[in-house]
Amino acid sequence: MQALTNRAQAVNRKPMTIMEKLYLPSIAKGMGITFSHIFKKQPTIQYPEEKRPFSPVFRGLHVLNRDEEGRERCTACGLCAVACPAEAITMEAAERLPGEENLYREEKYAARYEINMLRCIFCGLCEEACPKDAIYLSETFAPANFARKGFIYGKDDLLIPDPTKDPAGFAAAKGEGQ
Amino acid sequence: MLTQDQHIKLPEGSIETQTTTLNVGPTHPATHGVFQNIMELDGERIVSTEQTVGYIHRAFEKLAERRPLYQITPLTDRLNYCSSPINNMGWHLTCEKLLGVKTPKRVDYLRVIIMELARISDHLICNSIVGVDTGAYTGFLYVMQYRELIYEIYEEVCGSRLTTNIGRIGGFERNFNNTAFTKLEKFLKEYPKVLKEFENLFSRNRIFMERTQGGGAISAERALNYGFTGPNLRAAGVDYDVRVHAPYSSYEDFEFTVPVGTTGDNYDRFLVRNAEMWQSLSIIEQAYQKIQSFTGAEAEVYHADVPEYYLPKKEDVYTKMEALIWHFKIIMGEVDMPKGEVYQSVEGGNGELGFYLISDGGRTPFRLHFRRPCFIYYQAYPELVTGSMLSDAIVTMSSLNLIAGELDA
């Protein structure tokens with residue numbers, strides 16, 4: 001074959017030397033490397049007792065956000081559902097009634113909000129799409145359940161704790177308590 | 001379907017009276033993915049084999065026809081999942097070519113860093129799995145820690161480790177933080193030693209050499225006829241590299257050589273991949289130096305100015321009407337693409353990964369085709385393994401770096 005570039009560099013494929021053919025020195029060399037690893041620091045993490053630190057932008061399970069007064073931020077615009085490449089999000093919008101101002105931040109809210117965690121591919125596009133700072137991908141992952149139905153997360157699974165009732169839980173969900 | 005009576009002839013001198021049919025796959029621990037090979041065996045020697053494709057075909061090309069451009073990135077993650085950032089970047093480059101976007105130099109260099117890290121992680125897993133298939137498990141365990149470090153660097157940038165969905169049209173979704181650079185420095189400092197150790201374990205080991213030399217060999221001419229690219233073609237002696245022949249993402253600014261083999265067998269493929277990891281490491285070092293040389297406002301640039309496709313800042317979306325309108329338009333995919341046909345290829349982890357995009361001026365691609373190198377390698381697989389032992393066929397499969405997700409798309 002003619003050379004296509006002037007950058008080609010042949011790999012070193014020389015025949016075996018007598019030392020290499022003897023094989024015993026190779027065994028000693030290989031064993032030496034293996035034994036040297038006994039004295040090295042263990043890289044294993046004993047999950048779940050011990051957990052590795054996550055990056056602040058880690059894409060785990062979703063949470064629905066509340067503002068400081070405990071009102072739901074979601075206004076059910078449906079942008080997350082449109083952005084979702086896995087079509088995992090469904091929602092139903094409802095109008096806020098007089099007297100519910102302490103529950104919902106906007107005049108329209110999501111009466112039903114479901115994410116099918118078995119469809120979800122955790123790409124983070126919903127978080128990027130949200131214009132109301134309402135949906136976030138948290139650092140929790142590895143959900144477990146007994147039935148498939150349990151993986152369809154509703155609003156009660158997704159909403160973070162109310163800061164007026166559970167300030168510690170709210171701070172933890174916001175990633176401030178750690 | 002071949003049957004024994006119709007086609008299969010036992011080789012001369014065989015002591016067997018009939019061939020054995022063996023299904024290797026679709027789920028078999030030795031095939032690293034969903035591959036099926038129906039093999040006719042004479043004792044332990046392969047007389048003929050027929051490969052099956054399509055077990056994890058997910059119709060990505062069809063799915064892409066009704067999705068806006070940014071939603072196709074997560075699909076490309078799932079092609080060659082050992083180096084998904086390269087696929088993501090390849091897709092962004094394709095879109096940018098169609099839209100005529102010019103990315104700033106810093107973005108190009110950041111992309112080069114991410115792509116070369118992905119190449120290292122891809123070659124690393126391929127080579128260490130060749131080791132596992134020849135019976136040497138240790139090397140695999142030692143290098144996996146550093147693939148983990150590469151994944152942590154991805155995680156700092158995009159938030160995910162395997163299916164990254166990294167980058168956006170025009171650049172990155174966020175700037176690299178200091179932790180990412182610290183981890184990159186740690187990688188550059190520690191990795192050469194690990195790779196050296198890995199080579200010490202394998203390259204000149206007699207058992208490994210005798211297991212891999214001569215197995216799965218292909219001549220340069222046959223490889224070109226099949227359409228081989230990437231390390232598998234270079235191992236056969238052709239110095240074809242997309243990074244050199246059609247530079248993308250400012251690869252022309254970097255100094256690196258193209259390692260080539262001579263015989264195209266499993267051992268050459270192993271050596272070429274190892275040599276490429278050294279080259280990738282040097283490219284990352286060069287790119288990192290170039291990034292550090294940026295000053296002032298240039299040092300903070302992480303995306304091009306593409307208001308029709310790159311989302312406005314979140315603070316602006318919360319407060320400004322104009323930004324909110326653009327945000328809705330982009331997310332809902334309401335921006336019409338220019339008409340045209342583009343082909344953009346990148347040097348993927350295991351060959352030339354091409355994206356052929358036809359746009360009819362609508363909001364989604366009219367047709368999108370992925371040129372998947374694995375699909376091409378798999379066509380040559382029967383030719384490579386016929387006449388060899390079954391256990392060598394397993395080594396050949398892993399040394400070709402066949403990834404089922406990419407093969408079937």
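All of these numbers come straight from a predicted model, not from anything done at the bench.
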Which answer fits B:Asp316, side chain, backbone, both or neither, if we ask what part of it has an atom under 4.5 Å from a heavy atom of chain A? neither

Any side-chain donor paired with an acceptor under 3.5 Å for B:Asp77 and B:Asn87? no

Do any pairs count as a ring-ring contact (aromatic ring centres under 6.0 Å, His included) and have a residue in residues 141-172 of chain B, sequence neighbours left out, and if so which ones? A:His37-B:Tyr142, B:Tyr151-B:Tyr154, B:Phe172-B:Phe176

The interface call for B:Ile331 against chain A, heavy-atom contacts under 4.5 Å, is both

Which atoms of B:Arg67 come close to chain A, meaning under 4.5 Å heavy atom to heavy atom: side chain ones, backbone ones, both, or neither? side chain

Give, as side chain, backbone, both or neither, the part of B:Ser203 having an atom under 4.5 angstrom from any heavy atom of chain A. neither

Which residues from residues 117-127 of chain A are near chain B, with near meaning under 4.5 Å between non-hydrogen atoms? A:Ile121, A:Cys123, A:Leu125, A:Glu127

Heavy-atom distance under 4.5 Å to chain A: side chain of B:Glu155, backbone, both or neither? both

Below 4.5 Å from any heavy atom of chain A, which atoms of B:Val244 appear? Answer side chain, backbone, both or neither. side chain

May I ask you to name which of B:Tyr267, B:Tyr318, B:Phe202 has the most heavy-atom pairs under 4.5 Å with chain A? B:Tyr318

Pairs of heavy atoms under 4.5 Å with chain A: top-ranked of B:Ile72, B:Asn165, B:Val157: B:Asn165

Would you mind checking which part of B:Thr138 comes under 4.5 Å of any heavy atom in chain A, side chain (CB onward), backbone (N, CA, C, O), both or neither? side chain

More than 12 heavy atoms from other groups under 6.0 Å of CZ on B:Arg58: yes

Give a yes/no verdict on a cation-pi contact between B:Arg168 and B:Tyr70, requiring under 6.0 Å between NZ or CZ and the six-membered ring centre and an angle within 45° of the axis. no

Any luck finding a side-chain donor-acceptor pair between B:Asn232 and B:Arg273 under 3.5 Å? yes

When the 4.5 angstrom heavy-atom criterion is applied to B:Arg234 and chain A, the contacting part is neither

What part of B:Asn274 gets closer than 4.5 Å to chain A, counting heavy atoms only: side chain, backbone, both or neither? neither

What part of B:Met209 lies closer than 4.5 angstrom to a heavy atom of chain A: side chain, backbone, both or neither? side chain

What residue, out of A:Ser26, A:Pro56, A:Ser36, A:Ala10, has the most heavy-atom pairs lying under 4.5 Å from chain B? A:Ala10

Take B:Glu197 and A:Lys40 through the salt bridge (charged side-chain N to carboxylate O under 4.0 Å, His left out) test and state the conclusion after the steps. CA-CA 14 Å; B:Glu197 186 186 85; A:Lys40 286 190 180 159; 3.7 Å; yes

Side chain from CB out, backbone as N, CA, C, O: work out which of these in A:Pro43 comes under 4.5 Å of a heavy atom of chain B, or both, or neither. side chain

For A:Leu159 and A:Asn65 the tightest heavy-atom approach is CD2-O, 4.4 Å

Ignoring hydrogens and angles, tell me if any N or O in the side chain of B:Lys314 forms a donor-acceptor pair with the backbone of A:Cys130 under 3.5 Å. yes

Counting only heavy atoms closer than 4.5 Å, note whether A:Asp133 contacts chain B via side chain, backbone, both or neither. both

Applied to residues 68-96 of chain A, the ring-ring contact (aromatic ring centres under 6.0 Å, His included) test, sequence neighbours excluded, yields none

Relative to chain B, which segment of A:Cys80 carries a heavy atom at a distance below 4.5 Å: side chain, backbone, both, or neither? neither

Between B:Thr257 and B:Gln279, is there a side-chain donor-acceptor contact under 3.5 Å, judged purely by atom types and distance? yes

Expected output: side-chain B:Asn175 to main-chain B:Tyr302 donor-acceptor under 3.5 Å: no

So which residue, B:Leu63, B:Asn200, B:Leu75, ends up with the most heavy-atom pairs under 4.5 Å with chain A? B:Asn200

Tell me, for B:Thr262 versus chain A, whether the close heavy atoms (under 4.5 Å) come from the side chain, the backbone, both or neither. side chain

Would you please classify the geometry between the A:Phe141 ring and the A:Tyr47 ring as parallel, tilted or perpendicular, with 30° and 60° separating the classes? tilted

Taking A:Leu137, A:Asn6, A:Val82, A:Leu79 one by one, which has the highest count of heavy-atom pairs under 4.5 Å against chain B? A:Leu79

Measure B:Leu271 against the heavy atoms of chain A and call it side chain, backbone, both or neither at under 4.5 Å. both

Name the member of B:Leu141, B:Thr263, B:Ile330 that forms the most heavy-atom pairs with chain A at distances under 4.5 Å. B:Thr263

Quick one: of B:His245, B:Glu210, B:Met144, who has the most non-hydrogen atom pairs under 4.5 Å with chain A? B:His245

Is a side-chain N or O of B:Glu173 found less than 3.5 angstrom from the main chain of B:Gly167, in a donor-acceptor match? yes

Please collect all salt bridge (charged side-chain N to carboxylate O under 4.0 Å, His left out) contacts where either partner lies in residues 15-36 of chain A, sequence neighbours excluded, each pair once. A:Glu20-B:Arg204

Looking at B:Glu152, B:Glu148, B:Glu156, which hits salt bridge (charged side-chain N to carboxylate O under 4.0 Å, His left out) with B:Arg161? B:Glu148

Top of B:Thr163, B:Asp241, B:Asp268, B:Thr179 for chain A proximity - count of heavy-atom pairs under 4.5 angstrom: B:Asp268

Can you check whether A:Leu4's main-chain N or O pairs, donor with acceptor, with B:Asp239's side chain at less than 3.5 Å? yes

Between A:Arg59 and B:Thr164, is there a donor-acceptor pair closer than 3.5 Å when you use the side chain of the first and the backbone of the second? yes

